[in-house]
Novice: 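The structure follows.
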2 protein chains.
Amino acid sequence: MSKSNPAPVPLKNVRINDPFWSRYDGLIREAVIPYQWDALNDNIPGAAPSHAVHNFKIAAGLEQGEFEGLVFQDSDLAKWIEAVGYSLITHPDPDLEQTADGLIDIIEKAQRPDGYLNTYFILKEPSKRWTNLAECHELYCAGHMIEAAVAYYQAAGKRKLLDVTCRFADHIDSVFGPEEDKLKGYPGHQEIELALVKLYKTTGNEKYLKLAKYFIDERGRQPNYFDVELEKRGRAQHWDAFRDFGRSYNQAHVPVREQTEAVGHSVRAAYMYSGMADIAAETGDETLKAACKRLWDNIADKRMYITGGIGSTEHGEAFTFDYDLPNGTVYAETCASIGLIFFARRMLALEADAKYADVMERALYNTAISGISLDGRRFFYVNPLEALPEASEKDPGKRHVKVTRQKWFACACCPPNVARLLASLGEYIYTADDDTVFVNLYIGGEARIDLGAGSVSLVQETGYPWDETVIIKIIADKPLEFTLAMRAPGWCDRMDVSVNGEPAGAVTLNGYARVGRTWSGGDCVEIKLDMPARRVRANPAVREDIGKVALQRGPIVYCLEEADNGKNLHEIVLPASAGLEVETDSRIPGGASVIKADALRVDSAAWGGGLYRADAALPLVPFKAVFVPYFAWANREPGEMAVWIREVLLT
Amino acid sequence: MSKSNPAPVPLKNVRINDPFWSRYDGLIREAVIPYQWDALNDNIPGAAPSHAVHNFKIAAGLEQGEFEGLVFQDSDLAKWIEAVGYSLITHPDPDLEQTADGLIDIIEKAQRPDGYLNTYFILKEPSKRWTNLAECHELYCAGHMIEAAVAYYQAAGKRKLLDVTCRFADHIDSVFGPEEDKLKGYPGHQEIELALVKLYKTTGNEKYLKLAKYFIDERGRQPNYFDVELEKRGRAQHWDAFRDFGRSYNQAHVPVREQTEAVGHSVRAAYMYSGMADIAAETGDETLKAACKRLWDNIADKRMYITGGIGSTEHGEAFTFDYDLPNGTVYAETCASIGLIFFARRMLALEADAKYADVMERALYNTAISGISLDGRRFFYVNPLEALPEASEKDPGKRHVKVTRQKWFACACCPPNVARLLASLGEYIYTADDDTVFVNLYIGGEARIDLGAGSVSLVQETGYPWDETVIIKIIADKPLEFTLAMRAPGWCDRMDVSVNGEPAGAVTLNGYARVGRTWSGGDCVEIKLDMPARRVRANPAVREDIGKVALQRGPIVYCLEEADNGKNLHEIVLPASAGLEVETDSRIPGGASVIKADALRVDSAAWGGGLYRADAALPLVPFKAVFVPYFAWANREPGEMAVWIREVLLT
């Protein structure tokens, strides 16, 4: 890694103290982590049982029974430990640590003498280890356990799980690789690549970086390994549906450096791109970096919803094609946007361009937190841009779109993923190189940042995303020369920066307003981000959204809900000239802004009857439309929702 | 059946001589029937093989091999014979008759001594007859063979196939019925009900009517027969997909008289409703008639595309819910609209209301003939209202939507269905009771109609659907008093009727302009149907079409095609004030009219770049849009198509 590349400021150096995010931080600790522990232990009445802890206890010889759940059930438990690790870093909690220690003891007992660790294969198909990488998630689960181990080690300083996963990674390294006696395989669900880079950074053992690179380099070569193993096992499939997906489903259709478009399962894609960016950063591999940039641009410029959601179809939970962003049949899985946030953070470490942080912010403030209810107890897997309860019930093509968040899922990847993201949010705020601090997100709190010439602490104070002012205070023992590079958000047309009450003369480069000077303790930066409610339009190539607008204020995308606007949201139209009033709504925690607009509504009562008529267009009547933040939808009674609204041109 | 109910004028009494339909008539005889014979014999290079004739030859002991194809493969062959029968009625052809006779000889040889006839079960699962009615189409195939036999008997006067199917129907009657030793089953795919009514009418044997009524009466009762047989065979399934469908898929969720909404597989539904209407007409069963009317109204008022297509989703090829009519993920199977035409004709025999003929005409002139290419050699299964080649290729949710008609299908229900419909089109034109002739369709030709007081012949001369004038000449040996009831099309705002050059003083009742008088040979009726190109709007409850218009002229629905308008049809908008010019286009056979409009187009080149922007709406630039008849789409190079177009309100 080039010395001059910006690196994330680690979680342990950041404390969040923010009206918007501290609430989530509390929710994660007080509601989500305990709730998910109950879920993993099958103690949530009325929710789909997880079996995850029970499976480990059986594998450890502590309980009787059979493996239950999906082949990747172990990963939910790993993500929970990872979230616990992050939480303990910022909020020590001896009881929680004891619970996690107990679980880690069980995991250690479940590990086989050769280092292998996967309860599905240990309990159910011990002779079939590593025979179905395409479908069976062994390397995926290994990756999550490694991430958990690294987080827990950083939190509690305890090596037990780290040692378990090092033994497992060593075992994996003995099975896969270029040597003649090893398998030439790679994961069917990418994840271990980025995890191995973390393990390398934590242990300093280059073997793990090399193995991660091997998985990336080998992927998509001919003959395709997934075809090879399929033939080897007599074409037996774990999941019937996989037959239809093809090799682009798991991004193994061509070598990764030749990939130009984001295709296939969107979570797999985002995790793989994150791993590629990590390896590019660690090795300086320019072809890999170029592939990351191409794939990023394809997503951000052509395949992403305005909410930062990705994955246009439920079939394979996948990308489809450029500008194909249907609002009602959308997938936009919570995990996929979390993966996009991972990818964004890694791109910021490859090059300091605020465009990555813009997307990170978009996905974070909209889809990622749409994935969790305001009370932290229910979750969305799919995050639609348009919802109609009757369609979710009666149109099989929209059955995956739910209008109420669920308590838990049989396939429960999303809830613990939200938990681990939000518990580690601190490490997404800043990056820094030797002489520049990049402020990527405006989130209140304090951070200690190490620069070439010394350390500095920054204190952010802000009511963002509702308020346009951000204060950054410098805390330093001695004057320090560095550049403070503050993201000029893509959504913001006017950003004013002052230092100690004087215009700062900031120079904007690659999306950051930069102020370079010798900073002293007590210096105070004030940022004003002009934040009117605005109509946003999609590229006209997006067929679904042509003639429509979405409302956005700051990073927050808005939507119409039935609870405010009645049924038949499609009747509402917004004249291009209608004013938009921003009001604070106390019903949404954190003093959220809602937007009220002098809209119009099709007077459907004037319809003459029947299904088709050659009459004149129906009249439009005045209607006061209320828009709420997208992330807050579906926290009241179930009903319709729409992000995009038709615009009328009244000239 | 009440004497005063109108009955269809039989095919043998009608000769079509019409610029629009004679071309189709010729295509059916000269292209479609020979082509489909080749297809059934697996002689179409590059097309999916049918195996249908080969299966019968194996079952007849004439060839070696194994059954191939789908479980309902026999029905394609039956529908071909039925089409041949209709064709022979109007156009005797000794060579074709000889071919059909040869095939019927094979069918007779394939029949088992007990009357059973189904090549799948004869060859593949002889011990499993009648064990899986829900999925295995035995009664469906039987129904089609009966329809074929009746048509062929009426055409050629030959009883062989009729006798075969009577033996088969007798066998079926020995297996199913209320008696204790009989199965309480009914078809998984309805069809035999209407076929048995035809067999009853042809043979006079009431047993067949009774059996048809039994199938209708028993359907949907508790315990559900499909559940009973599923348990009996140890829950084995023929098709995995059936697990998900539920009992509404084949309209067996509740007894038919309790059904209020059109649900499930749309072809099954339409065939069943047709059979219900037949039985209601034959038995005077008022509860059954009421159910037919309810189900009709639900389709026509809430669940039908403007093209007369039905079936809103590919999942189960099914209806979804009221006003859910998505244009791009639509199913609108050709067979379903043909079924709707069958249902309409039967409703016209239950009550003389032109609303049934309106839908019949809509489905006929749009979806049914969209199912076949202008050269008669390629077929659509799905008839979308919006198509984009890239979406058909890359969005799995639209993979069922094709942008080019196919040569044949592995599941080839649609091509022979179009053939049998068009070959029997003559019997859809008129209905008559004792003293009234109802003209339901305006199609040129001659018909002999028997009334209470004697016979009359009518000669229609018209350039319909392109021309607004219809001439009806009376040919009669002696003056005859009757009412001529001419459909006042629902799409027509002004209809003028004159008799011998004088205003006729027609009285419109239930959608028919009626002229009652003593008619003499040589009387000449002239009908003028005001036929401007018009904007049609959908009920505002149809979310997909709000803010959009479709163009229609007469019964013809229009669409935009890429061949005329370039790519990105979604950019085109039609001001409410734009004039619509009708022009004749010689490229479409039969002197079709196209519509040209002074439309506007989003100037997408003015887009500032990126995926989302808070800029002003893009400018609209003038664009001359060309609309072609929907049925004629996809007869040039593959490309985009759209029926519904956004309307701008420029006030």
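First the proteins, then the strands, lettered A, B, ... as listed; each starts at 1. Remember, predicted model here, so these are calculated numbers, not experimental data.
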Novice: Measure the shortest side-chain to side-chain distance between A/Glu393 and B/Phe321 over non-hydrogen atoms and say whether it is less than 4.5 angstrom.
Specialist: no

Novice: Could you check whether any side-chain N or O of A/His570 sits under 3.5 Å from a backbone N or O of B/Pro540, counting only pairs where one atom can act as donor and the other as acceptor?
Specialist: yes

Novice: Report the option among A/Asp545, A/Val573, A/Leu388 that has the most heavy-atom pairs separated by less than 4.5 Å from atoms of chain B.
Specialist: A/Leu388

Novice: Looking at B/Met304, B/Arg303, B/Lys302, B/Gln552, which makes the most heavy-atom pairs under 4.5 Å with chain A?
Specialist: B/Met304

Novice: With a 4.5 angstrom heavy-atom cut-off, could you sort out which part of A/Ala300 is near chain B: side chain, backbone, both or neither?
Specialist: backbone

Novice: How close do B/Ala617 and A/Glu647 get, heavy atom to heavy atom, and via which atoms?
Specialist: CB-OE1, 3.8 Å

Novice: Is the closest side-chain heavy-atom distance between B/Lys394 and A/Asp324 below 4.5 Å?
Specialist: no

Novice: Would you indicate whether the side-chain heavy atoms of B/Leu618 and A/Arg537 approach each other to under 4.5 Å?
Specialist: no

Novice: When only pairs under 4.5 Å are counted, which of B/Asp615, B/Leu569, B/Val542, B/Thr329 shares the most heavy-atom pairs with chain A?
Specialist: B/Asp615

Novice: Measure distances from A/Thr313 to the heavy atoms of chain B and classify the residue's part below 4.5 Å as side chain, backbone, both or neither.
Specialist: side chain

Novice: Sort out for me which of A/Gly397, A/Gly316, A/Gly608, A/Gly490 touches chain B most, counting heavy-atom pairs under 4.5 Å.
Specialist: A/Gly397

Novice: Where does A/Phe319 contact chain B at under 4.5 Å (heavy atoms): side chain, backbone, both or neither?
Specialist: neither

Novice: For B/Ala318, is it the side chain, the backbone, both, or neither that has a heavy atom closer than 4.5 Å to a heavy atom of chain A?
Specialist: neither

Novice: Closest approach of B/Ile546 and A/Val602, non-hydrogen atoms and distance?
Specialist: CD1-CG2, 4.0 Å

Novice: Within the distance-only criterion (no hydrogens, no angle test), does the side chain of A/Asn539 pair as donor or acceptor with the backbone N or O of B/Gly610 below 3.5 angstrom?
Specialist: yes

Novice: Look at the side chain of B/Tyr612 and the backbone N and O of A/Ile306, then say whether any donor-acceptor pair between them is shorter than 3.5 Å.
Specialist: yes

Novice: Is there side-chain contact between B/Glu390 and A/Asp322, with at least one heavy-atom pair below 4.5 Å?
Specialist: no

Novice: Compare all side-chain heavy atoms of A/Asp240 with those of B/Asp240 and state whether any distance is below 4.5 angstrom.
Specialist: yes

Novice: In terms of heavy-atom pairs under 4.5 Å with chain A, which of B/Ala541, B/Ser312, B/Gly547, B/Ala616 leads?
Specialist: B/Ala616

Novice: Please identify, among A/Glu571, A/Arg535, A/Glu314, the residue contributing the most non-hydrogen atom pairs under 4.5 Å to chain B.
Specialist: A/Arg535

Novice: Where does A/Arg534 contact chain B at under 4.5 Å (heavy atoms): side chain, backbone, both or neither?
Specialist: side chain

Novice: Tell me the closest heavy-atom pair linking B/Ile299 and A/Leu611, and the distance in Å.
Specialist: O-CD2, 4.3 Å

Novice: Under a 4.0 Å N-O cut-off, is there an ion pair linking A/Glu640 with B/Arg543?
Specialist: yes

